[in-house]
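What follows is one structure encoded as structure tokens, with my remarks underneath.
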Amino acid sequence: MFHSLETRIQSAFRACLADKFGVQLDIAGFDIVIEQPKQTSFGDLALPVAFQLAKSLKQAPRKIAADLVEAVGTIPGVAAMEIAGNGYINVRLDRGAFGAALLSGGPEAVAAADPGKTIVEHTNINPNKAAHIGHLRNAVLGDTFVRMLRTAGRTVEVQNYIDNTGVQVADVVVGFHFLEHKTPADVAALIAADSKHARFDYLCWDLYARTSQYYKDNPDSLAWRAQTLHEVEAGHGELAEMAHLVADAIVDCHLATMLRLGIRYNVLPRESEILHLKFWASCFELLKERKAIYFEEEGKNKGCWVMPSSAFRGADEANEDSKVIVRSNGIVTYVGKDIAYQLWKFGLLGKDFFYKPHTAYPDGQQVWVSTATPQSETSQIENQAPAFGKADTVYNVIDVRQSYLQDVVVAGLRALDFEQQAERSIHFSYEMVALSPRCCADLGIELSEEDAKRPYVEVSGRKGLGVKADDLMDKLIESALGEVASRHAEDPVETQRAVATEIAMGALRYFLLKFTRTTVIAFDFQEALSFVGETGPYVQYATVRARNILKKLQERGEALPDFGTELSAESMARQLANEDAWQMLLVASKVGSALDRAIATGEPAHLAKYAFLLAQTFSNFYQEFPILIEPDREKKVFLLWMTGFFARQLERTLAILGITVPVYM
RNA sequence: GCGCCCGUAGCUCAGUUGGAUAGAGCGGCUGGCUUCGAACCAGUAGGUCGGGAGUUCGAAUCUCUCCGGGCGCACCA
């Protein structure tokens, strides 16, 4: 609601500048900025536009501001505009009209939705071990961004890429076969025996670390990896069979882990199909045909197909460090395959996967997985896969350390003349999750002397160094359960546990979202386990309290008023003359603005911050206005309406963050 | 060596794209449950925005430079 007013004011000023001042903003190089005044007493909105115009119009900002206010005239919903300071235009809204519009559920201006499809790829965990805290940051960030885009009206497809034929899977297979002398049947038995106390993904976590260490101690054993990779690629033999067993089982583990946090996918494109359907071959032809890569005849890259560095670096340091795309032995590198995959996402490869149903979520939503062969024609209609890929915008949620490779992929598109798609390939990067030294101590991890001096230590699957996602969630649930039990001892244990789970997941999601993407999270149990202050549970608690007031009203035998008939615009104006109530309503009506800004900046953290502000504001409201015992009827009805409005706004915001609201706290 | 990111209160972090007196949480101190549940609220202390120079009406924000920290720069993924 607030957001549509903002845009209305913006366009009024824009039009006025064009018509009466001859200023075209797109030419002038700036747009009308609307900000929140430093002090609430200044007004509801502030425009510093006069400052920006001062130079080109060669007039004092104060005078420009005055002329501008005069020229703009009246704007619906705006009560007054005043000049302040050196030339600020402070806007005061028509409170009664604002409240009335909110009450009637006035049209929330939905930004003209992009008609095309957006792909967001996230999670992408190598299917060879349990997920850890770093993977959670990726998935929560990606999932939240998806929710943001969908709320804004965009069509979004969520992809989770599965590298089931890579080195990491091979290393676990090496561990099973060469170190533990297990057969595929043995591994299948381990998978079947998977339970809380013998988790297959945890077992692989340890085995992977052990294999990595073994390579270090016995470098000759790396030949096992090469042999395994070779057989996996060829697609037959015991090692290949085992790789399939491991990868498929671990993918199921990951999906289950992520579902605990409400994270879902539409499709799982797999590396094995990229190989079998020869995606690379098509891409290779295209790259050669359009001269995006060339065959190196000399130097250290002799015999390789390379992309010149000028394609992905500044032109100044051309000829330096070209990127090898195809090795001298004829095998394509990871980046090469990634270019093919990126082309597929845009529907530019001229090839597609086949698909089959993988799993269904409890509500029936289907996850699809790629296959190399068409589904049989007897398949039922519900087995018909939707059209995947063919996006016009692609977000790849990948940590910042892969920036260089993402640049090469985009350069590949550009070199193929897919300029627009290159422009719309967005590396949604984020910093890593590291472990604080104290956290390592908590985990009983011994650090080398130099590591101990560092501000934080990088998580490493290879070293088995990290906090497993499910362990962390379990720990959070236990902690939350303690809090719940102390307040609701009389309640059935199952309900207590369900509530504790929602609180724990809310805490975890919020914790991972409150940091901006460029911030390294030095993970700390104490902070992550906190339920007070700027946390998910704080926001959930505010929502539960708002609901409780309305519930209490009915428990006392009072009906919820019919706000439409009891609250006229006049009574809204009367009630909103109360400065505190007005300021609180303003904050509560800014979900749209907050979402818009968070999408524009690509920072889910901004929305998380707003959720906290909203909850804080409600807590103040709760404290300041006793509602149920309010003697004045009009005021009571108004306060009840505010309470409901707060509850809805809190629920909306939390839903976008993927945080649920427990029945009680 | 080159590139990217970070440096803001004791600690952990925001800062609406250059705007008004730099904010929040935690921790510290003081106070508030016989009220719609205190996982809450109110008050208070705490700042050369890493240092320096520049750009302009105006800089935590942009430029340069120095200092400190992190991450990249494979015929690995």
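Here is how names work: the chains are called A, B, and so on, in the same order as the sequence lines, proteins then strands, and each is numbered from 1.
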Side-chain N or O of A:H488 less than 4.0 angstrom from OP1 or OP2 on B:G37? no

Base, sugar-phosphate, or nothing: which does A:K300 touch, judged by heavy atoms less than 4.0 Å apart? base

With respect to the phosphate group of B:A20, does any side-chain polar atom (N or O) of A:R62 fall under 4.0 Å of OP1 or OP2? no

Is the shortest distance from a Lys or Arg side-chain nitrogen in A:E534 or A:K609 to a carboxylate oxygen in the other one below 4.0 Å? yes

Pick base, sugar-phosphate or nothing for A:V332, based on heavy-atom distances below 4.0 Å to the nucleic acid. nothing

Touch class at under 4.0 angstrom, heavy-atom based, for A:F51 against every strand present: base

Does the distance from a Lys or Arg side-chain N to an Asp or Glu carboxylate O, for A:R462 and A:D171, drop under 4.0 Å? yes

Taking any heavy-atom pair under 4.0 Å as a contact, classify A:R556: base, sugar-phosphate, or nothing. sugar-phosphate

For A:R487, report the nucleic acid contact type (base, sugar-phosphate, nothing); a contact means any heavy atom under 4.0 Å. base

For A:V306, report the nucleic acid contact type (base, sugar-phosphate, nothing); a contact means any heavy atom under 4.0 Å. nothing

Distance-only donor-acceptor hits, side chain of residues 293-304 of chain A, under 3.5 Å, sequence neighbours excluded:
| from | atom 1 | to | atom 2 | distance (Å) |
| --- | --- | --- | --- | --- |
| A:Y294 | OH | A:E296 | OE1 | 3.1 |

If pairing requires Watson-Crick or G-U wobble contacts with both distances under 3.5 Å, which nucleotide is the partner of B:C62? B:G54

Need one value for A:A46: base, sugar-phosphate or nothing, where a base atom within 4.0 Å counts as base even if backbone is also close, heavy atoms only. base

Would A:F42 count as stacked on B:A20 if the rule is ring centres under 5.5 Å and plane angle under 30°? yes

Using a heavy-atom cut-off of 4.0 Å across all strands, would you classify A:L628 as base, sugar-phosphate, or nothing? base

Results of side-chain contact (heavy atoms from CB on, under 4.5 Å) for A:N126 - residues two or more places apart only: A:N128, A:K129, A:D163, A:Q168

Test side-chain hydrogen bond (donor to acceptor under 3.5 Å, both in side chains) applied to A:N396 and A:Q342, A:H122, A:H427, the passing residue: A:Q342

A:N620 has its side chain closest, among B:A14, B:C41, B:C36, to B:C41

Please work out if A:K302 contacts a base, only the sugar-phosphate, or nothing of the nucleic acid, heavy-atom cut-off 4.0 Å. base

